[in-house]
Number of protein chains: 2
Amino acid sequence: MAEHTFSISELAREFDVTTRTIRFYEDQGLLEPQRAGQRRIYSRRDRVRLMLILRGKRIGLSLLEIRELFDLYDAASNDEPQLREFIRILSRKEQQLQEQLDDIRVVLGEIGQIRSQCEKALGKQAV
Amino acid sequence: MAEHTFSISELAREFDVTTRTIRFYEDQGLLEPQRAGQRRIYSRRDRVRLMLILRGKRIGLSLLEIRELFDLYDAASNDEPQLREFIRILSRKEQQLQEQLDDIRVVLGEIGQIRSQCEKALGKQAV
DNA sequence: ATTGACGTTGACGTAAACGTCAAGTTATTG
DNA sequence: CAATAACTTGACGTTTACGTCAACGTCAAT
């Protein structure tokens, strides 16, 4: 079965990051593509890793935290305590996001008030 | 009516930031406390501003964005287009947060799978 | 054989958000 | 009055996450 692989710029295009970024992630131990001579060859697994990195960033993880999660996950497959640790970290992150969401609801509520005040101020003239 | 004021370290303690941080926010045009000689005197309004700054940070705004929102808000009180812009920016942020939440739900879903796999692997022995 | 696209490794630069002195000022208190 | 605490400005340091060259390798196509 012919394993599909990717070049660095293919991945860069697909995920809208620069090649520099991808190499940087490798530098940080987040990716370990194979080589064909000098050239980097990315497997499906590498591609998934990149997806996970970017998702991690979107939920506010630092690259170091992502790295630690990868390491934990790799080591955790057969180790329950580490898996629990893994889950605990993510639960904590979930709670942080929940707080963020609460914050933004507050902000949006305030905005609503401001808006209605403004519309009242502008009055019946030319809204 | 005696306006209650605050020293820099009072605010620092209350919000668990350093005085350096508060001065830095002033440097960035986010706060403009009065002075008694050299000393900074923070009013209730300044305190509210600081709360807003920290809340803004929690929802992922940069200090620059917060600054722009303050400026917009100050200028917007009587100007509808700017108010709409103000609201638009926050709506965009709300959407980003929503995406973050979706991301984390995905992650947590995956975690659930991994956990159950792990428990299955550990089997009936000593879970 | 040369051009062009793509890739490579350094090395240095940058922006954000503070931390960390240093060196001086002001206020209070024993 | 001297010590101490709290405050000030200013300058330089730090971390994260890349951007930006420079200088070179490689491979396919003309």
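The side chain of B/Arg39 approaches D/dC7 more closely than any other nucleotide in the set D/dC7, D/dC18, C/dT8. Here the side chain of B/Arg35 is nearest to one of C/dT8, D/dT8, D/dG19, namely D/dT8. With C/dA17, C/dC6, D/dC18 as the candidates, the nucleotide lying closest to the side chain of B/Ser62 is C/dA17. When distances are taken from the side chain of A/Arg20 to each of C/dG7, D/dT8, D/dC18, the shortest belongs to D/dC18. Set against D/dT8, C/dA17, D/dC7, the side chain of B/Arg40 has D/dT8 as its closest nucleotide. Listed nucleotides: D/dC7, C/dA17, D/dC18. Nearest to the side chain of B/Phe24: C/dA17.
Listed by first and then second residue, the side chain to side chain donor-acceptor pair (under 3.5 Å) pairs involving residues 95-109 of chain B are A/Arg58-B/Asp103, B/Lys93-B/Gln96, B/Asp102-B/Arg105 (not counting sequence neighbours).
Contact of B/Arg23 with D/dT8 (side chain to base): no donor-acceptor pair of N or O atoms is detected under 3.5 Å.
What separates CD of A/Gln38 from C1' of C/dT8 is a distance of 5 Å, to the nearest Å. Taking atom CG of A/Leu64 as the reference point, atom P of D/dT14 lies 18 Å away to the nearest angstrom. Taking atom CD1 on B/Ile22 and atom C1' on D/dC7, their separation rounds to 13 Å, with Å as the unit. One atom, CG of A/Leu50, and another, P of D/dC18, lie 11 Å apart when rounded to the nearest Å. In this entry the distance linking CD of B/Glu68 with P of C/dA16 reads 11 Å, nearest Å. One can place CZ of A/Arg13 at 7 Å from P of C/dG7, the figure rounded to the nearest angstrom. Between A/Arg67 atom CZ and D/dT16 atom C1' there is a gap of 16 Å when expressed in whole angstrom units. Look at CG on A/Leu31: it is 14 Å from P on D/dA17, rounded to the nearest Å.
Salt bridge B/Glu26/B/Arg40: present, at least one basic N to carboxylate O contact under 4.0 Å. Between B/Asp71 and B/Arg67 there is a salt bridge, since a side-chain N of the basic residue sits under 4.0 Å from a carboxylate O of the acidic one.
Put simply, A/Tyr25 has a side-chain N or O that comes within less than 4.0 Å of OP1 or OP2 on D/dC18. Look at B/Thr19 and you won't find any side-chain N or O under 4.0 angstrom from OP1 or OP2 of D/dC7. For B/Thr21, no side-chain nitrogen or oxygen approaches OP1 or OP2 of C/dA17 to under 4.0 Å.
Residue contacts shown for A/Ser7 are limited to sugar-phosphate atoms, with no base heavy atom under 4.0 Å away.
None of B/Ile53, B/Thr21, B/Leu50 except one satisfies the side chain to side chain contact (heavy atoms under 4.5 Å, CB included) rule with B/Phe15; the exception is B/Leu50.
Applying the 6.0 Å contact sphere to CG of A/Asp16 captures no more than 12 heavy atoms from other residues, nucleotides or ligands.
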